[in-house]
Amino acid sequence: MAKSNAVIKERPRQIVHRTHGHRHGPITRLMSPSDLGQTLKPFVFVDLFDTEGGSFSGFGWHPHSGIATLTYLWEGSVRYEDTTGAAGFLPAGGVEWFKAAGGAWHGGGAGNSGRSRGFQLWLALPPDEELGPSESIYQKPRDVHAKGPATVLLGTLGELSSPLKAPSSINYLAVRLKLGATWRYEPPADHTICWVALASGRLTVPEHAEAGELVAFESSNQAIDFRAEADSEFVLGSAASHPYELALGHYSVHTSQASLQAGEQRIAETKARLQREGRL
């Protein structure tokens with residue numbers, strides 16, 4: 001019997017959810033814990049912001065608990081301040097890491113340049129960190145490193161790791177591809193969660209994804225091949241699944257109602273202090 005030399009092609013990893021989110025002024029919420037965050041946890045919120053063509057007054061002081069925030073800008077800058085005592089301006093290419101954990105407040109707004117574009121991501125914390133101390137780290141662009149077209153914002157890519165300590169097995173990358181360029185992402189073996197959100201351009205993965213869209217892939221650790229159909233900027237998140245329920249408050253996400261109540265109590269105590277200091 002003749003032997004077949006046919007090569008069996010691997011079935012591409014499929015997109016199972018896609019959304020353009022809900023826009024409010026310069027901010028588009030692509031994911032929240034009441035929708036895709038339930039499927040893609042520990043990723044629970046993703047906001048795409050772009051101040052082109054409008055004013056951006058920013059966010060006044062507001063609290064969080066049980067979650068960590070990572071902000072990355074493709075263009076421009078934003079102003080930040082938080083109750084750990086940090087304040088300043090985050091430039092394009094820099095990273096803001098703000099772990100609210102047991103409860104903290106922060107705020108921010110327009111930076112010292114014109115148009116600002118970027119993403120803000122919120123991660124659900126595991127039980128051993130959700131009521132721990134707050135932490136804020138602000139990395140300058142020179143401290144954020146890349147491997148090929150991918151900048152490692154959190155986690156590891158090949159031999160390159162972010163100096164930020166991820167709360168669980170998580171990768172979060174910012175990727176730039178020129179028209180016609182290709183790139184393959186091979187997730188760690190335990191990363192069955194994966195999604196991509198585009199700031200600009202158009203990708204084939206192998207279905208099309210476009211600027212302003214978030215697409216989520218089927219649960220698997222299969223590699224994903226990207227081809228840029230235009231100059232493209234996007235973020236990619238992959239992780240081991242967060243094996244806890246999401247207990248939701250107005251600004252908080254925890255693993256239980258008891259932890260949520262403890263976080264909200266600390267938020268209230270900090271609010272009273274900020275009011276005494278005249279900051280609220």
Side-chain angles (χ1 to χ4, degrees), residues 40-47 49 64-106 108 111 116-176 183 185-191 193-197 199 233-242 253:
L40 300 179
K41 59 187 181 180
F43 306 102
V44 290
F45 287 100
V46 177
D47 283 352
F49 58 90
H64 296 293
S65 68
I67 52 179
T69 302
L70 193 150
T71 305
Y72 179 79
L73 277 75
W74 297 103
E75 179 181 349
S77 65
V78 292
R79 172 179 49 82
Y80 64 82
E81 184 177 9
D82 65 57
T83 48
T84 71
F89 289 90
L90 181 72
V95 167
E96 175 200 30
W97 171 253
F98 179 65
K99 186 164 74 171
W105 290 64
H106 71 162
S116 294
R117 300 185 298 116
F119 285 95
Q120 190 167 67
L121 167 73
W122 286 261
L123 298 167
L125 298 176
D128 61 340
E129 294 194 32
E130 65 181 327
L131 292 176
S134 300
E135 173 184 69
S136 61
I137 299 173
Y138 297 89
Q139 296 178 300
K140 295 180 179 179
R142 66 172 180 263
D143 299 322
V144 185
H145 303 297
K147 178 181 171 65
T151 298
V152 181
L153 307 181
L154 191 66
T156 300
L157 185 65
E159 71 286 353
L160 187 63
S161 295
S162 165
L164 299 173
K165 183 182 180 297
S168 57
S169 185
I170 296 170
N171 285 347
Y172 186 49
L173 313 174
V175 185
R176 274 194 172 101
W183 178 67
Y185 177 63
E186 297 191 17
D190 63 338
H191 283 207
I193 303 294
C194 191
W195 58 271
V196 168
E233 299 167 318
F234 60 96
V235 290
L236 177 151
S238 74
S241 181
H242 182 74
V253 179

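Please read all numbers here as calculations on a predicted model, not as lab measurements.
Separating the CH2 atom in W195 from the CZ atom in F234 is a distance of 11.0 Å, to the nearest 0.5 Å. In this structure, NE2 in H242 is found 10.0 Å from CG in L123, a value given to the nearest 0.5 Å. To the nearest 0.5 Å, atom CD1 of residue I170 and atom OG1 of residue T156 are 11.5 Å apart.
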- prompt: Passes side chain to side chain contact (heavy atoms under 4.5 Å, CB included), L70 versus L164? Steps please.
  reply: CA-CA 10 Å; L70 193 150; L164 299 173; 4.2 Å; yes
- prompt: Checking side chain to side chain contact (heavy atoms under 4.5 Å, CB included) for the pair Y80/T71: CA distance, chi angles, key distance, verdict?
  reply: CA-CA 11 Å; Y80 64 82; T71 305; over 6 Å; no
task: May I have the step-by-step check of side chain to side chain contact (heavy atoms under 4.5 Å, CB included) for L73 and F49, ending in yes or no?
output: CA-CA 9 Å; L73 277 75; F49 58 90; 4.1 Å; yes
- request: With side chain to side chain contact (heavy atoms under 4.5 Å, CB included) as the test, would you mind laying out the steps for H106 and E96 before giving the verdict?
  value: CA-CA 12 Å; H106 71 162; E96 175 200 30; 4.2 Å; yes
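For the pair Q120 and T69, the minimum side-chain heavy-atom distance is below 4.5 Å. Contact check for C194 versus L236: side-chain heavy atoms found under the 4.5 Å cut-off. Side chains of K165 and E135 form no contact here, defined as non-hydrogen atoms less than 4.5 Å apart. Counting heavy atoms from C-beta outward, L90 and Y72 have side chains that stay 4.5 Å or more apart. Residues D143 and P163 have side chains not in contact (no heavy-atom distance under 4.5 Å, counting atoms from C-beta outward). Using a 4.5 Å cut-off on side-chain heavy atoms (C-beta onward), W122 and D47 make contact.
Look at K99 and E129 and you find a salt bridge, because one of the NZ, NE, NH1 or NH2 atoms lies within 4.0 Å of a carboxylate O, short of that distance.
In this structure a side-chain-to-backbone donor-acceptor pair under 3.5 Å is missing from S116 to V78. Under a 3.5 Å cut-off, the side chain of T151 and the backbone N or O of A146 do not form any donor-acceptor pair. In this structure a side-chain-to-backbone donor-acceptor pair under 3.5 Å is present from S134 to A100.
A240 and H191 make their closest contact through N-CD2, 3.6 Å (heavy atoms, listed as atom of the first residue, atom of the second, distance). Counting all heavy atoms, side chain and backbone alike, W74 lies closest to A199 at NE1-CB, 3.5 Å. For S162 against L154, the heavy-atom pair with the smallest separation is CB-CA, 3.8 Å. Smallest separation of non-hydrogen atoms from A124 and I67: CA-CG2, 4.1 Å. Of all heavy-atom pairs between A86 and Y138, the closest is CB-CE1, 3.5 Å. In this structure, P42 and S168 approach most closely via the heavy-atom pair CG-OG, 4.5 Å.
Counted by atom type alone, Y185 and S238 present one or more donor-acceptor pairs between their side chains at under 3.5 Å.
Below 30°, between 30° and 60°, or above 60°: for Y172 and F43 the angle between ring planes is between 30° and 60°, a tilted geometry.
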